[in-house]
Amino acid sequence: MTIKIFDAWQGLPLDGILEQCQILVEDTDYNAVKRWREDGGKIVGHFQVYFPEEIVHAAGMLPFKVRGASVDATHSDSRFGSYLCSILKTSLELAMSDRLELEMFVSHPICDAARNLAAIWGRNFDYPCQILYLPQNANSSHSINYLKDEYDRLKKEIETIAGKKITDDDLRASLAVFNENRKLLRELYAIKRDSPWKITATEAYILMAIGGMIPREEHNELLSHTIPLIKSRDVKSQDKMRIVIEGGFCEQPPLDFLRTVDRYCYVVDDDLLIGLRWILEDISLDGDPMFNLAEAYLEKSSYSPVQHDLRKPKEKMLVDRIKKSKAEAAIVTAAKMCEPGLEDQVTYTIALEEENIPFFIGEFEENMTSFDHTEIQLETFVENLLFD
Amino acid sequence: MTTAPESIVGRGNRDGAALFRQWFEKITQTAEKEQNAAYVFVMGSISEILRTFDFTMVFPEINSLQTAIRRVSDEYLDEAEDQGYSPDICGYVKADVAVQLRGGEHPMGRIPKPTIGVLTNACNTYIKWAEIWERMYQTPIFTIDVPGSREAGSLNPQNESNYKNDLRYVEIQLQELISKCEEITGIKFDPDRLREVLGYSNDMSRGWKKVLELNSNRPSLFNALTDGTVYLGVANCFRGTEIGSKFFSDLVEEMEYKAAQGIGTLTDEKYRLGFVGVPCYPIFRHFNEFFTDWGGTFVNSTYLWFASGGTNHGFEYDLTNPIESLAEGILLNVRGAMDSMFYHENALIDMIDNQFVDGMVFHPIKSCRTVSTGLADSRRSLMTKRDIPSLFIESDMMDKRVVSEAQLKNRIDAFFEGLAVRKQRESITA
């Protein structure tokens with residue numbers, strides 16, 4: 001692929017760049033992705049939370065993070081019953097309304113609802129729709145080897161679609177691109193943590209989310225250019241509370257939800273789109289690249305309600321996240337009808353109470369349009385703490 | 001000596017009910033004597049290994065549904081919701097949380113605390129549920145991860161490398177579970193005891209498959225929604241036991257006798273129905289009567305497939321190679337259970353064709369997204385492949401707040417009126 005699918009930001013000052021990025025993130029027609037396709041590119045859509053995008057990238061295809069959208073489920077609603085989270089319906093809607101054309105769709109057994117998605121998608125589209133069985137026993141001595149085999153299986157499927165073999169060197173080159181991307185995202189989050197007045201949660205989110213929509217090389221170029229501009233931004237620190245947002249690992253809160261939080265707090269860390277930041281360290285380019293990719297998923301990774309790992313009790317991980325980011329409080333939220341998120345709210349709140357960390361419990365939906373209630377609750381929460 | 005006919009008919013229900021009471025007495029004794037209890041789930045209980053270590057098997061799903069059948073689930077749900085559990089999560093989980101908070105108090109007896117929790121990934125909520133025990137009691141939790149079908153119709157042929165990789169993964173996890181059980185109980189693993197348990201499991205799987213097949217008879221021999229649930233209870237709670245083996249041998253005898261005598265579950269079977277989903281336990285009998293009042297009976301149900309952990313396929317273990325064969329059985333059974341929920345389209349077509357189904361009832365529920373998420377779409381897809389009336393009704397397996405009897409009855413009545421018109425039209429054109 002030789003063309004750039006997102007270059008509208010180039011030559012603009014920081015505010016202009018962020019504006020162009022927001023337009024891209026909010027574009028539910030995915031015009032940038034269409035440009036990729038118009039240039040002959042193929043696309044693999046992968047549902048939340050984590051996906052080894054490097055394998056798709058190494059085949060010269062675009063890995064697209066399917067994470068729902070702010071659209072009406074006009075076509076897809078009839079494919080689902082009640083009592084389900086919104087992201088399932090809007091994700092399928094993107095495909096059924098032809099906003100998103102794919103060569104392959106992959107979902108994961110992250111939750112009871114999402115594990116149905118590949119079957120539903122497959123009954124509605126002719127292209128391959130599969131489940132990637134990421135290991136749900138993270139503590140078996142054989143889990144890494146199993147996952148390597150599962151990645152090899154996926155690689156064969158992708159090679160068939162791409163019409164080319166993926167060599168170890170192709171994979172190493174992709175690992176290097178994604179290592180660079182994760183390093184840049186860590187830098188972005190370091191700014192949030194160390195000088196949160198320089199970038200709002202909304203802006204950081206937009207800059208990060210783009211990564212799931214465009215080639216990573218382009219995302220790397222954007223972040224490399226933008227991060228120094230953010231660091232040199234002339235913004236004064238305000239007397240805002242430092243908080244962590246927990247609960248955005250799958251369905252994403254709308255930008256206006258984040259803007260509401262931004263008005264009252266500095267978000268110094270979060271789990272928004274955690275799949276893009278799942279791997280915490282560089283993956284080694286030495287040795288077997290597929291094994292290294294599998295090992296990193298289990299051994300060098302973050303946490304979320306959809307992975308059970310005896311070494312990573314989630315409440316301990318959240319408390320660590322809060323302490324490491326020097327946050328004063330937490331917003332423990334969950335998408336409506338998100339079973340793992342709602343279940344972990346109880347676990348989190350017990351731990352936070354034990355640690356004497358103030359927290360605010362809430363729910364959101366990607367398509368929510370009224371934030372008055374959230375704002376009042378948040379304002380009250382912050383004021384209570386400030387004047388306590 | 002031959003068994004008198006009057007004692008054969010209905011024996012499965014009578015014995016099943018008695019065994020169920022016996023099972024609750026056993027777990028009550030385990031609680032009182034503080035003996036080892038393994039918390040397990042119906043979709044892959046791994047009873048075969050746990051029984052060799054003398055664990056009392058406790059099925060929290062069954063404990064929870066019993067609160068609904070006994071019409072007290074709302075009290076338990078309220079108690080868990082007071083602790084912060086959302087109204088929008090699985091009702092089974094919440095009822096169990098309340099049972100634990102009450103020190104094991106349950107309408108059928110007393111539930112022991114878990115010594116170990118063993119689960120598969122057939123339902124993700126199993127994992128979240130076990131995390132609660134982990135935090136309440138610091139209970140060791142062991143997940144047997146069973147990779148399922150990657151896409152429709154992809155039950156990997158057994159000579160493919162993917163299948164071998166999956167099998168190896170399951171086998172190693174079983175060996176790790178054995179080590180964990182040895183560590184917890186201080187009992188050394190006994191392969192001969194495992195062979196004995198596997199033998200009984202083979203009898204039960206063979207019997208279960210046969211019983212389900214025998215319901216192709218006209219009239220149908222048992223109601224999959226009501227009688228079937230009793231048999232299912234025995235299939236789960238007594239898996240790998242001599243008692244379970246005898247129950248299914250007797251049950252096959254009963255069904256064969258009824259088939260030979262033309263004894264059906266209804267005196268006048270008018271409509272043969274298939275059921276897709278989970279029963280409505282808060283109004284269990286009444287829900288069924290909405291259908292039987294019209295002469296409808298359920299001849300089969302996906303519930304009897306997935307909630308038996310896929311043992312409906314009749315897989316039998318190779319006793320000469322117990323661990324590897326157990327791994328294969330678990331892989332195929334649990335995968336089969338998952339396919340019954342996510343990729344059941346061809347199985348439903350087989351049910352329609354082979355069991356002469358007149359109508360299909362889809363019953364998604366609020367509590368269980370594993371089973372329910374795809375039902376609207378699979379119904380739509382099935383309708384494109386078979387010209388068969390179907391009904392789509394939503395309620396819950398635990399929560400009476402989302403069970404609207406009047407609405408259900410209206411929809412069911414309209415469904416039967418449609419079926420009646422269709423039958424009439426067919427008889428005219430025949």
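Naming: A, B, ... by sequence-line order, numbering from 1 per chain.
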Engineer: Do A:P305 and B:K128 come close enough that some side-chain heavy atom pair is under 4.5 Å?
Structural biologist: yes

Engineer: Tell me, side chain or backbone of B:M341 under 4.5 Å from chain A's heavy atoms, or both, or neither?
Structural biologist: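 Only the backbone of B:M341 comes within 4.5 Å of chain A.
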
Engineer: Taking every heavy-atom pair that is under 4.5 Å apart, which of A:I110, A:L117, A:I361, A:V306 has the most such pairs with chain B?
Structural biologist: A:I110

Engineer: Check whether any side-chain heavy atom of B:E131 lies under 4.5 Å from a side-chain heavy atom of A:E315, and answer yes or no.
Structural biologist: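 Sidechains of A:E315 and B:E131: no contact.
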
Engineer: Looking at every heavy atom in both A:N116 and B:G374, which two are closest together, and how far apart are they?
Structural biologist: OD1-N, 3.6 Å

Engineer: Do B:Q173 and A:H142 get their side chains close enough for a donor-acceptor pair, meaning under 3.5 Å?
Structural biologist: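 Side chains of B:Q173 and A:H142: no pair found under 3.5 Å.
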
Engineer: Does the side chain of B:R379 come within less than 4.5 Å of A:R79's, by heavy atoms?
Structural biologist: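 Of all side-chain heavy-atom pairs linking B:R379 with A:R79, none is under 4.5 Å.
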
Engineer: Of all the heavy-atom pairs spanning A:D112 and B:T370, show the shortest one and how long it is.
Structural biologist: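 Closest heavy-atom pair between A:D112 and B:T370: CG-OG1, 2.8 Å.
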
Engineer: Would you compute the distance between atom CG of B:L375 and atom CD1 of A:I120 and round it to the nearest 0.5 angstrom?
Structural biologist: 9.0 Å

Engineer: Heavy-atom distances under 4.5 Å only: say whether B:F362 touches chain A with side chain, backbone, both or neither.
Structural biologist: neither

Engineer: Taking CG in B:D78 as the centre, count heavy atoms belonging to other residues, nucleotides or ligands within less than 6.0 Å. Is the count above 12?
Structural biologist: yes

Engineer: Between B:S86 and A:L342, what is the shortest heavy-atom contact and its length?
Structural biologist: OG-CD1, 3.6 Å

Engineer: Nearest 0.5 Å please: distance from the CG atom of A:N137 over to the CD atom of B:E176.
Structural biologist: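 Reported value, rounded in 0.5 Å steps: 7.0 Å.
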
Engineer: If you compare all heavy atoms of A:S141 against all heavy atoms of B:I172, which two are closest, and at what distance to 0.1 Å?
Structural biologist: OG-CG2, 3.8 Å

Engineer: Using only heavy-atom distances, determine whether the side chains of B:N162 and A:D149 contain a donor-acceptor pair under 3.5 Å.
Structural biologist: no

Engineer: If you measure from the Lys or Arg side-chain nitrogens to the Asp or Glu carboxylate oxygens, is any gap between B:R369 and A:E339 under 4.0 Å?
Structural biologist: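 Yes, this pair counts.
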
Engineer: Within this structure, what is the CG-CG distance for the pair A:L92 and B:D377, rounded to the nearest 0.5 Å?
Structural biologist: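 Atom-to-atom, A:L92:CG and B:D377:CG are 7.5 Å apart.
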
Engineer: Contact part of A:L132 toward chain B, heavy-atom cut-off under 4.5 Å: side chain, backbone, both or neither?
Structural biologist: neither

Engineer: Name the region of B:P147, side chain, backbone, both or neither, that has any atom closer than 4.5 Å to a heavy atom of chain A.
Structural biologist: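 The answer is both parts of B:P147.
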
Engineer: For A:A119 and B:F342, work out which heavy atoms get closest and say how close.
Structural biologist: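 The pair with the smallest heavy-atom distance is CB-O, 3.3 Å.
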
Engineer: Check each atom of B:T384 against the heavy atoms of chain A and say whether the ones under 4.5 Å are side chain, backbone, both or neither.
Structural biologist: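 Interface part for B:T384: neither.
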
Engineer: Using non-hydrogen atoms and a 4.5 Å limit, figure out which bit of A:S107 sits close to chain B: side chain, backbone, both or neither.
Structural biologist: neither

Engineer: What part of B:Q83 gets closer than 4.5 Å to chain A, counting heavy atoms only: side chain, backbone, both or neither?
Structural biologist: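 Contact with chain A involves the backbone of B:Q83 alone.
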
Engineer: Within this structure, what is the CG-CD1 distance for the pair A:D344 and B:I89, rounded to the nearest 0.5 Å?
Structural biologist: 10.0 Å

Engineer: Rounded to the nearest 0.5 Å, how far does CZ of A:F80 lie from OG1 of B:T373?
Structural biologist: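 Those atoms lie 8.0 Å apart.
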
Engineer: Which bit of A:S78 is near chain B, if near means a heavy-atom gap under 4.5 Å: side chain, backbone, both or neither?
Structural biologist: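 Answer is backbone: N, CA, C or O of A:S78 sit under 4.5 Å from chain B.
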
Engineer: Take atom CD of B:Q407 as the centre, draw a 6.0 Å sphere, and report whether it contains more than 12 heavy atoms from other residues, nucleotides or ligands.
Structural biologist: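 Atom CD in B:Q407 is not packed in, count stays at 12 or less.
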
Engineer: I'd like to know which of B:V93, B:N121, B:D88 tops the heavy-atom pair count under 4.5 Å against chain A.
Structural biologist: B:N121

Engineer: When you compare the side chain of B:N124 with that of A:R115, does any pair of heavy atoms fall below 4.5 Å?
Structural biologist: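 Side-chain contact under 4.5 Å: yes.
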
Engineer: Tell me, for A:Q345 versus chain B, whether the close heavy atoms (under 4.5 Å) come from the side chain, the backbone, both or neither.
Structural biologist: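 Neither the backbone nor the side chain of A:Q345 comes within 4.5 Å of chain B.
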
Engineer: Would B:E151 and A:C129 count as a side-chain contact (heavy atoms from CB on, under 4.5 Å) here? Give the steps.
Structural biologist: CA-CA 7 Å; B:E151 62 186 329; A:C129 300; 5.8 Å; no

Engineer: What residue in A:P128, A:A118, A:P109 has the most heavy-atom pairs under 4.5 Å with chain B?
Structural biologist: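 Winner by heavy-atom pair count: A:P109.
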
Engineer: Which atom names give the shortest non-hydrogen contact between A:Q136 and B:T143, and what distance separates them?
Structural biologist: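 Residues A:Q136 and B:T143, closest heavy atoms: O-CG2, 3.7 Å.
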
Engineer: In terms of ring plane angle, is the pair B:Y169 and A:Y146 parallel, tilted or perpendicular, where the classes change at 30° and 60°?
Structural biologist: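 Ring orientation, 0 to 90° scale: parallel.
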
Engineer: Nearest 0.5 Å, what's the OG-CG distance between A:S140 and B:L174?
Structural biologist: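 Rounded to the nearest 0.5 Å, the OG-CG separation comes out at 10.0 Å.
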
Engineer: Name the region of B:C368, side chain, backbone, both or neither, that has any atom closer than 4.5 Å to a heavy atom of chain A.
Structural biologist: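 Neither the backbone nor the side chain of B:C368 comes within 4.5 Å of chain A.
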
Engineer: Counting heavy-atom pairs closer than 4.5 Å to chain B, which one of A:K314, A:E157, A:E343, A:K156 comes out on top?
Structural biologist: A:E343

Engineer: For B:A122, is it the side chain, the backbone, both, or neither that has a heavy atom closer than 4.5 Å to a heavy atom of chain A?
Structural biologist: backbone

Engineer: Quick check on the interface: out of A:V106, A:N124, A:L88, A:T349, who has the most heavy-atom pairs with chain B under 4.5 Å?
Structural biologist: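 With the most close heavy-atom pairs to chain B, the winner is A:N124.
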
Engineer: Given side chains that start at C-beta, do those of A:R153 and B:N165 come closer than 4.5 Å, heavy atoms only?
Structural biologist: no

